[in-house]
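Note that ligands are numbered from 1 as they come in the structure, with each ligand's atoms numbered from 1 the same way. No experiment lies behind these values; they were computed from the predicted model shown.
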Amino acid sequence: MSTQNRTNIPNSLNEHWMPFSDNKSFKKNPRLITDAKGVYLTNHEGKKMIDGSSGLFCNPLGHGRREITEAVSKQLDKLDFCQPFNQGFGGSFELATRIAKKTPGDLNKIFYTICGSTAVETAIKIAIAYHKAKGHGHRFRFVGRERGYHGMNIGAMTVGGMVNNVKAFASILMPGVQHMRHTHLPEHKFVKGQPETGVEMAEDLERLATNFGGENIAACIVEPIAGSTGTLIPPKGYLKRLREICDKHGILLIFDEVITGWGRTGSAFGAIEYGVTPDIMTMAKATTNGVVPMGVVAVKDGIYDAVTDASSGPEGAPELFHGYTYSGIPVAVAAALAVQDIFDKEDIFKRAKELSPYFLDGLFSLKDISCITSIRGYGMMGGIDIKIKDKPGKAGFQTFKHCYDAGVNFKSTGDTLIIAPQFICEKKHIDEIIEKLRTGISNYAKS
Ligand SMILES: Cc1ncc(COP(=O)(O)O)c(C=O)c1O
């Protein structure tokens, strides 16, 4: 197939082993996207669909943003690549300064990675390096949370809490990882915003600190809102309590803001929205509006200082033996800088905050559909649970297919539909998403 024809149906679907996909059924009945503009996607049959999940929480600024395309193209013309070890280019420093201005507290040191998984892996390593630098090499344990998702590298997968992701790889998981229970309690069904109950779930961290020795735990990692398992919103006071327990035991608190970062909650970060500052914070996805892979780890000044001060190597020896060929490459930085410009120019987090009530009202208006067992939402993210049928996952995927036919595209995980509109949506676009969800979900319920 020539590059000109790349967006049409290819001659063969056999060779590409697709990620997180049912390859066999997809290849019998492919869903290929050929064009994306603003809030709309077009598939290979010429059908136009509204994007109900910003890709995978990636494109809050809409598809095909000219400013980003131009910035990337200009960068490619000027400096397409420079290797990032003991060498750099100005853009990555400029971007770090701009990101650090938006992160809360003294999360001012910025390490670039390739994606969300590598950002989490990096956060894990930085936590270990920090404790070693402080003379606490015995702190090797990590605490994650059930129904958390942090990516698919070994470390990120181990601290995550999605059972199917780890089952097949049980023999190679990272040692020393425990999980707190998730915070999604039965009484949180159809609760809009933060649940009033469930703060006591944070005491799981205290229990693990008692059982394993708080002095042996390097870090606790959570998503402020668990995104990939369907928008599980932290009970009021929960994140603050985690912070208190971490402080008591000298445990680092890592917020994985790969989804919640860059405005999804209505503030720049979940940390700001909930008024709890972690020690390390990860981001990816919307950092470049999804167009070029990039992950970011923001780290407190004191952690950076401890690690760099502890280094005793000769000139040129890295203080942290970690990095990626594609850490902060020019083309990703160019996209991210253009995204920062748009964030500032369009006051985009405020826009997300103002649109949120309208979106959440729309989402909760679907409550009457018989097969829906729960709806949750916060900011510009929501989850809809579909009643399990036969086997877990079947109902969610069938509903996704009916919604796709109805003209709204999104991601389903298990039996949960993940809804995360773009921040550039106007009210009419939210109406369209909700109307098409109603059609698709109702058609599934009737099927
Ligand atoms: C919270 C969170 N962390 C990490 C990741 C992994 O990101 P990536 O797929 O870019 O590696 C994801 C992906 O959805 C995520 O939602």
Side-chain angles (χ1 to χ4, degrees), residues 18-21 53-60 111-127 142 144-162 164-166 169 174 177 179-180 182-184 219-234 239 253-265 269-271 273-274 278 280-298 324 326-329 332 335-336 339 378-383 410-414 416-420:
M18 298 167 68
F20 270 126
S21 299
S53 58
S54 305
L56 270 180
F57 301 97
C58 296
N59 334 107
F111 195 104
Y112 297 111
T113 74
I114 315 163
C115 59
S117 303
T118 48
V120 170
E121 214 73 10
T122 299
I124 288 171
K125 285 192 177 178
I126 288 176
F142 284 82
R145 189 170 59 185
E146 290 168 0
R147 296 189 73 173
Y149 182 70
H150 301 292
M152 290 314 292
N153 294 351
I154 307 277
M157 179 175 64
T158 311
V159 293
M162 289 178 77
N164 283 336
N165 291 346
V166 289
F169 307 105
M174 186 170 84
V177 176
H179 291 83
M180 303 179 286
H182 65 78
T183 61
H184 188 52
C220 167
I221 178 166
V222 292
E223 303 158 85
I225 297 174
S228 294
T229 50
T231 307
L232 310 182
I233 300 151
L239 295 172
L253 181 60
I254 304 172
F255 277 179
D256 182 352
E257 299 239 21
V258 164
I259 286 176
T260 49
W262 303 125
R264 195 45 73 186
T265 62
F269 296 100
E273 180 70 13
Y274 297 125
I280 302 176
M281 198 160 85
T282 56
M283 316 155 214
K285 297 191 187 269
T287 308
T288 62
N289 202 39
V291 303
V292 188
M294 177 178 241
V296 174
V297 187
Y324 302 99
Y326 299 103
S327 281
I329 56 168
V339 164
Y378 195 101
M380 288 298 283
M381 59 196 286
F410 56 81
K411 166 86 172 70
S412 64
T413 308
T416 299
L417 319 183
I418 291 172
I419 312 299

Provide, to 0.1 Å, the distance between [atom] and the closest protein heavy atom, together with that atom's residue and name.
| atom | result |
| --- | --- |
| atom 9 (O) of ligand 1 | Ser117 OG, 4.3 Å |
| atom 3 (N) of ligand 1 | Asp256 OD2, 2.6 Å |
| atom 10 (O) of ligand 1 | Gly116 N, 2.9 Å |
| atom 16 (O) of ligand 1 | Ile259 CD1, 3.1 Å |

- Can you check whether Ala420's main-chain N or O pairs, donor with acceptor, with Ser54's side chain at less than 3.5 Å?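 The answer is yes, because a donor-acceptor pair under 3.5 Å joins these two groups.
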
Of all heavy-atom pairs linking Ile280 and Ala127, the shortest is CD1-N, 4.3 Å

Heavy-atom closest pair (Met380 atom, Arg264 atom, distance to 0.1 Å) is O-NH1, 2.7 Å

Among [options], exactly one meets side-chain contact (heavy atoms from CB on, under 4.5 Å) together with [X]. Which residue is that?
| X | options | value |
| --- | --- | --- |
| Thr231 | Ile225, Ile419, Ile259 | Ile225 |
| Phe255 | Ile221, Leu239, Thr260 | Leu239 |
| Tyr149 | Asn165, Val159, Val120 | Asn165 |

Kindly indicate, with the supporting measurements, whether the criterion side-chain contact (heavy atoms from CB on, under 4.5 Å) is fulfilled by Glu146 and Thr229. CA-CA 10 Å; Glu146 290 168 0; Thr229 50; over 6 Å; no

Which one holds for Tyr149 and ligand 1: side chain close, backbone close, both close, or neither close, with close meaning a heavy atom under 4.0 Å?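 Both of them.
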
Per-atom contacts, ligand 1 versus [X] - under 4.0 Å to a heavy atom:
| X | result |
| --- | --- |
| Gly151 | 4 (C), 5 (C), 6 (C) |
| Glu223 | 1 (C) |
| Ser228 | 14 (O), 16 (O) |

Do Glu121 and Tyr324 pass the side-chain contact (heavy atoms from CB on, under 4.5 Å) test, and can you show the C-alpha distance, the side-chain angles, and the key distance before you say yes or no? CA-CA 12 Å; Glu121 214 73 10; Tyr324 302 99; 4.1 Å; yes

- At a 4.0 Å cut-off, with the gap strictly under it, does some heavy atom of Lys285 reach an atom of ligand 1?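 Contact check Lys285 vs ligand 1: positive.
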
Gly227: heavy atom below 4.0 Å from ligand 1, yes or no?
-> no

ask   = Where the closest heavy atom to atom 4 (C) of ligand 1 is concerned, which of Met157, Glu121, His150, Met152 has it?
value =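 Residue with the shortest heavy-atom distance to the ligand atom: His150.
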
